[in-house]
Peer 1: 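Below is the structure I would like to discuss, written out as structure tokens.
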Amino acid sequence: MKKAFGTVFDIILPAVAFAAVIAIFAGASLFGKIGKRMEVPGENFSVMKDSQAVQVLCNRDEPVIQCIGKKLWSVGETISISGIFAAVDAEGEEVDLAVLDITNQEGISVMECYKKDSGQVVFVQRGIYTFLLEATDKEQKKATKRSAILIDSR
């Protein structure tokens with residue numbers, strides 16, 4: 001009985017492997033034919049007005065953030081953000097700036113020094129403070145920049 005199972009197993013196992021290989025080749029051929037049959041001519045969306053409008057917006061330059069004021073301030077002096085930094089869009093029009101974060105030289109956030117409603121900041125300790133600023137133009141194109149100022153009592 002054991003010999004019969006061994007003989008049948010020796011015949012059936014190669015037959016199953018052969019059938020699997022044939023099925024794989026036939027399936028690959030079949031899928032290729034189905035794929036060719038499903039190909040349809042496509043439309044060129046790049047010439048449509050809405051696609052061109054999106055392309056213009058994507059190619060638009062982001063706003064430029066600049067330091068326009070002095071970079072050395074005294075301890076306790078009230079500093080207006082609009083007096084130090086300015087941002088202009090691609091057309092040269094001024095855009096609003098947002099202060100995302102202010103860090104000291106150790107990298108610790110000191111946003112408690114910033115009064116968002118008045119747009120002013122007062123530093124009570126000397127050091128180097130880095131502003132993380134963001135400008136957004138009318139087309140919602142954003143730019144961020146880090147800029148540092150020095151607070152010293154000399």
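Please read all numbers here as calculations on a predicted model, not as lab measurements. The chain is numbered in sequence order, starting from 1.
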Peer 1: Drop me the distance from Thr103's OG1 to Ile108's CD1, to the nearest 0.5 angstrom.
Peer 2: 9.5 Å
Peer 1: Rounded to the nearest 0.5 Å, what's the gap from CZ on Phe123 to CG on Leu150? Could you check?
Peer 2: 11.0 Å
Peer 1: I need the minimum non-hydrogen distance between Lys142 and Glu134, along with the two atoms involved.
Peer 2: CD-OE2, 3.6 Å
Peer 1: If every non-hydrogen atom of Thr130 is compared with every non-hydrogen atom of Ala148, which pair is closest and at what distance?
Peer 2: OG1-CB, 3.9 Å
Peer 1: Starting at CD1 of Ile81, measure out to CG of Leu133 and round the result to the nearest 0.5 Å.
Peer 2: 7.0 Å
Peer 1: Applying the 4.5 Å side-chain criterion to the ILVMFWY set and letting contacts propagate, would Val99 and Trp73 be lumped into a single cluster?
Peer 2: yes
Peer 1: Quick one: which of Lys70, Arg126, Lys71 gives a salt bridge (Lys or Arg N to Asp or Glu O under 4.0 Å) with Asp152?
Peer 2: Arg126
Peer 1: Rounded to the nearest 0.5 Å, what's the gap from SG on Cys67 to NZ on Lys145? Could you check?
Peer 2: 7.5 Å
Peer 1: Atom CD of Gln120 and atom CD1 of Ile84: how far apart are they, to the nearest 0.5 Å?
Peer 2: 10.5 Å
Peer 1: Taking only residues two or more places apart in sequence or in another chain, which ones pass side chain to side chain donor-acceptor pair (under 3.5 Å) with Asp89?
Peer 2: none
Peer 1: Run the side chain to side chain donor-acceptor pair (under 3.5 Å) test against Glu106 and tell me which residues pass, sequence neighbours left out.
Peer 2: Asn104
Peer 1: Evaluate the side-chain contact (heavy atoms from CB on, under 4.5 Å) criterion for residues Asp101 and Met111: first the C-alpha distance (whole Å), next the side-chain angles of each, then the deciding distance (0.1 Å), finally the verdict.
Peer 2: CA-CA 6 Å; Asp101 196 15; Met111 280 297 285; 3.4 Å; yes
Peer 1: How close do Glu62 and Lys141 get, counting heavy atoms only, and between which atoms?
Peer 2: CA-CG, 3.7 Å
Peer 1: Looking only at heavy atoms, what is the nearest atom pair of Gly83 and Ile68, with distance?
Peer 2: O-CG1, 4.0 Å
Peer 1: If every non-hydrogen atom of Ala86 is compared with every non-hydrogen atom of Leu97, which pair is closest and at what distance?
Peer 2: N-CD1, 3.8 Å
Peer 1: Of all residues at least two apart in sequence or in a different chain, which pass the side chain to side chain donor-acceptor pair (under 3.5 Å) check with Ser147?
Peer 2: none
Peer 1: Please tell me whether Tyr129 and Tyr114 are part of a single hydrophobic cluster in this structure, the criterion being side-chain heavy atoms less than 4.5 Å apart.
Peer 2: yes
Peer 1: Count the heavy atoms of every other residue, nucleotide or ligand shown that sit under 6.0 Å from CD of Glu139, and state whether that count exceeds 12.
Peer 2: yes
Peer 1: Which heavy atom of Asp61 sits nearest to which heavy atom of Asp137, and what is that distance?
Peer 2: O-OD2, 4.3 Å
Peer 1: With side-chain contact (heavy atoms from CB on, under 4.5 Å) as the criterion, how do Arg60 and Gln140 come out once you've worked through the C-alpha distance, each side chain's angles and the decisive distance to 0.1 Å?
Peer 2: CA-CA 10 Å; Arg60 180 181 173 85; Gln140 302 305 310; over 6 Å; no
Peer 1: Using the rule given for side-chain contact (heavy atoms from CB on, under 4.5 Å), can you reason through Val95 versus Val88, listing the C-alpha separation, both sets of side-chain angles and the distance that settles it, and then say yes or no?
Peer 2: CA-CA 6 Å; Val95 295; Val88 293; over 6 Å; no
Peer 1: Linking I/L/V/M/F/W/Y whenever any side-chain heavy atoms sit under 4.5 Å apart, do Ile151 and Leu132 land together?
Peer 2: no
Peer 1: Cluster question for you: counting only ILVMFWY and a side-chain heavy-atom cut-off of under 4.5 Å, with indirect links fine, are Ile102 and Val75 together?
Peer 2: yes
